[in-house]
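Please read the structure below before turning to the comments.
Below, read A as the first sequence line, B as the second, and so on, with proteins coming before strands; counting in each chain starts at 1.
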Amino acid sequence: MSKNSKPAAQVPPYLETLNPEQQEAVLHSGSPLLILAGAGSGKTRVITTKIAYLIRDRGMDPRSILAVTFTNKAAREMADRARIIEPRAGDAMLRTFHSFGAWFLRRNGSVLGLNPSFVIYDDDDTVSLLATLMGDSSRAEVKHTAHLIARAKDYFLNPDDPELDIIEHRSSFRKTYARYEERMLQIGNVDFGDLIKKPVEALRVSPELAQRFRDRFRVILVDEYQDSNVAQFELLKALCGPETYVCVVGDDDQSIYRFRGAEVRNILEFPDRFPGTEIVRLERNYRSTAPILDLASSVVDHNEGRLGKKLRSERGPGKTPTLAFLPDQDSEVAFCAELIGQSVSGKTSRYSDWAVLYRTNAQSLGFETEFLRRRIPYRVVGSLKFYEREEVKDALALLSFLVNPRDEVAFRRVVNKPARGVGAATVDRIVLEASAGMFAGDGGLGLSQDGLEGDLAAASRRVLSSLSAKAKAGLETFLSAVEGARTLLSGDGPGGEDDGGGSASDPESPKTKSKKGGKKKEAAPDLRGGVGLSACVVRLVQDAGIAEYHLAHDEIAGNQRIANLQELANAASLYPAGEEGLLEFLEHVELDRSMEQDEGVDDAVTLITLHNTKGLEFPRVIMTGLEQGVFPRDDKKGDDLEEERRLFYVGATRAMDELYITSCAQRRLFGRTQPTQPSLFLHEITPDAVRIIGSCPYGFTPTEQPPADRSSGMVPNRSGPINGQAKRSSDGRWQVGDRVFHDDYGYGAVTNIREGDDGPVIQVGFETGREVRFLSEFQSSRFMKIQADDF
DNA sequence: TAGTTTTAAGTTTTT
DNA sequence: CTTAAAACTA
């Protein structure tokens, strides 16, 4: 309704399929723009089209466009879709806030004294560092403090900021925060919060830098703006000059990241902060049928303090959502499996049409084991377990230390792993020596001139001579491992050709997979080093003894540690050799942990937390665990409760055609079964917006009985056929070819048996392709022999 | 001091 | 019930 008043006539053809509001949003120019986009209103389409339009019809240089999102998934999707409309969109900068911050700091961090080869500390690393600063404090206390520091950075608060009291008023916190910052600066690494906060500081410190960026980015688009925090707002402000075109997109009803500093006021007050803002509302929902939207709205309507908007379904009537009351979580899992199984075998849907939503990651376990048992293919989204594994973190610590020898956290983690006689006392001495080197006024060696400040490798060498023989030898092993990898990394040096490490320029990784040499007790585990970086990773992991260390554990517990290390090395092979490539790899690992585990399974049910569903859609959705204490969590009230309610809204509006909600009468928590109350949100649903099945708790009236023919099948008893016959597991000996079922790995067959030190070791090949070795007569609860006809 | 056993604690949600 | 931290022993 403004300057772009007659679109239809002059609109390019690719815009004609947009509705009038969407067109207005795409064509708008001249003033800041706030797009209030309800769920399923074609928001991503508008942004991608707008990018394409700016390039194609407004003659914008793609490189002058910056679009930021909150998740890597969203960034990728946006890039893909924009490129389809306009190939040159590939040159625009489409990144997450954090990835943009890292990109920025690598190039411009020097104005703050930051070395370009910094490593990004994750939450665990910051806790480790903080622990060294907080000496006698308990682990919980350290974690809490780490959280407060992260929060402070979200709010763009420094240790000396008066407003820091909002976060924590105790003065001891200020001191700890200050010491943490100081230590971080010495180490030369950054945490997540720094990726946002430091760019703002850099832009403020250097007006020339700010001007350069304002000249470069003429257009800035922000997606999911309702989840931005104060620091991100400051970054946006700092990047914007008077000429910059700003467009933010969001939905206040979908703000679900308050807990990590998201500030809804950013979107509520955007028009005040950016004078002259125009607002476009997208209120036509193309995703869900009307009954689904009715249900979602009836709950979120209970929130106060929203901008208020009315979503209309463009799809019209549909199936009434179903609310199932179930006795316990086992029934809930069975209910979902049954529902999906019947629908798929009845050919009314595919597995990939379905998504199971839950509040906490821990809830996925039950679904995983039952789906494995029933052979329902599934995909768990966003479980970042891989990078949290001990062996993977060890390998990454080695690589981090290689890049930044001042990295105390990484050093402490791996210098004495496996045990080499370098104990805590020795490590403390080295750390002290390193920091002494920083301030040493003794001109004796001129230590602080050539970049050796805080260098733990250099400090180690300095103390070597004064150590015991054992510690000295151990430390030398470690140092030479790192040194060897450094040579391999930088010089493409000839590197030992011993172990298939291969030259870094080997064009393809040989697929000559042989059996793992089992019998021999030789030390070197069979890791293969493929191309480029991965050769370096393998070399380092082997030389430093990490591979050997974890191989020992594999034999005992039947774990996958060596395989995981191999997987990490494989991931590294995607990056070029050399320090540049290594930095890229590490940054990717820290910033994008979503493993693309689409291993061939194309038709699979999605298991996902409610938070992770943002931006996604599925034909059929099951929201589980609608009980007080689970969803919402019991201590939630006020603003926090409203946020949980929005989370409900987000979950429900993911559904296109069918929505199911489950609630259990009792649930196991910490191993104990406890009675539960139905979620508050269930009470808030308009009674006729939902069809209820199962036994209703007090306070709920069934609107309709379930169809008689189905109700029995819907809530089956726990004893499946497999369970019944499989119990007699451990009688008799194992033979090659025996069928097994394992709670974690699923179905498989014994492929090899051999005598180990502690009894027979059997090797099992699972359907997923994994080969796992198990020791003797073991954990029969997780692992059992089954009969052929069950299989 | 390293590796084991015992005890306590804990699950939000994520870049 | 599972994991991490303290406590304990060889």
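For B/dT14, neither phosphate oxygen OP1 nor OP2 lies less than 4.0 angstrom from any side-chain nitrogen or oxygen of A/N72. A sub-4.0 Å separation between OP1 or OP2 of B/dT14 and a side-chain N or O of A/N612 is present. At the phosphate of B/dT15, neither OP1 nor OP2 sits under 4.0 Å from any side-chain N or O atom of A/T71. At the phosphate of B/dT15, neither OP1 nor OP2 sits under 4.0 Å from any side-chain N or O atom of A/N229.
Distance, A/F631 CZ to B/dT13 C1': 10 Å, rounded to whole Å. Whole-Å rounding puts the A/Q232 CD to B/dT14 P distance at 16 Å. Taking atom NE2 of A/H147 as the reference point, atom P of B/dT13 lies 13 Å away to the nearest angstrom. Atoms CG (A/D125) and P (B/dT15) sit 16 Å apart, rounded to a whole Å. One atom, CD of A/E644, and another, C1' of B/dT13, lie 8 Å apart when rounded to the nearest Å. Computed from coordinates, the A/R258 CZ to B/dT14 P distance equals 18 Å when rounded to whole Å. Here the P atom of nucleotide B/dT11 and the CZ atom of A/R667 are 18 Å apart, to the nearest Å. One interatomic measurement links the two molecules: NZ of A/K417 to P of B/dT1, which rounds to 18 Å at whole-angstrom precision.
Mapped onto DNA chain B by nearest heavy atom, A/T426 and A/Y257 fall at different nucleotides, with A/T426 at the one closer to the 5' end. Comparing A/E590 and A/A140 by the nucleotide of DNA chain B whose heavy atom lies nearest to each, the residue mapping closer to the 5' end is A/A140.
Residue contacts for A/F70: at a heavy-atom cut-off of 4.0 Å it reaches the sugar-phosphate backbone alone, with no base atom in range. No contact: A/D122 has no heavy atom under 4.0 Å from any strand. Nucleic acid contact for A/R139: sugar-phosphate only, since backbone atoms but no base atoms lie under 4.0 Å from a heavy atom of the residue. The residue A/N416 sits close only to the backbone: its heavy atoms come under 4.0 Å of sugar-phosphate atoms, none of a base.
A donor atom on one side chain and an acceptor atom on the other are found under 3.5 Å apart for A/R429 and A/S466. Using modelled atom types and a 3.5 Å distance limit, the side chains of A/E224 and A/Q226 yield a donor-acceptor pair. Between A/D191 and A/T126, the side chains place no donor N or O within less than 3.5 Å of an acceptor N or O (distance only, hydrogens not considered).
Ring planes of A/H588 and A/Y575: tilted class, angle from 30 to 60°.
In summary, A/R258 and A/D640 engage in a salt bridge, as defined by a charged side-chain N under 4.0 Å from a carboxylate O.
For the pair A/R645 and A/F681, the cation does not sit on the ring face, since its NZ or CZ is not both under 6.0 Å from the ring centre and inside 45° of the axis.
B/dT14: no Watson-Crick or G-U partner with both key distances under 3.5 Å is found in any strand. Base pairing of B/dT7: its partner is C/dA4, meeting the Watson-Crick or G-U wobble criterion (both donor-acceptor distances under 3.5 Å). When both pairing distances are held under 3.5 Å, B/dT1 makes a Watson-Crick or G-U pair with C/dA10.
Here the side chain of A/D123 is nearest to one of B/dT15, B/dG10, B/dT13, namely B/dT15. You'll find that the side chain of A/A419 is closest to B/dA2, out of B/dT15, B/dA2, B/dT11. Distances were taken from every side-chain heavy atom of A/F192 (C-beta onward) to each of B/dT15, B/dT13, B/dG10; the shortest belongs to B/dT15. Comparing B/dT14, B/dT11, B/dT15 by their nearest atom to the side chain of A/R633 picks out B/dT11.
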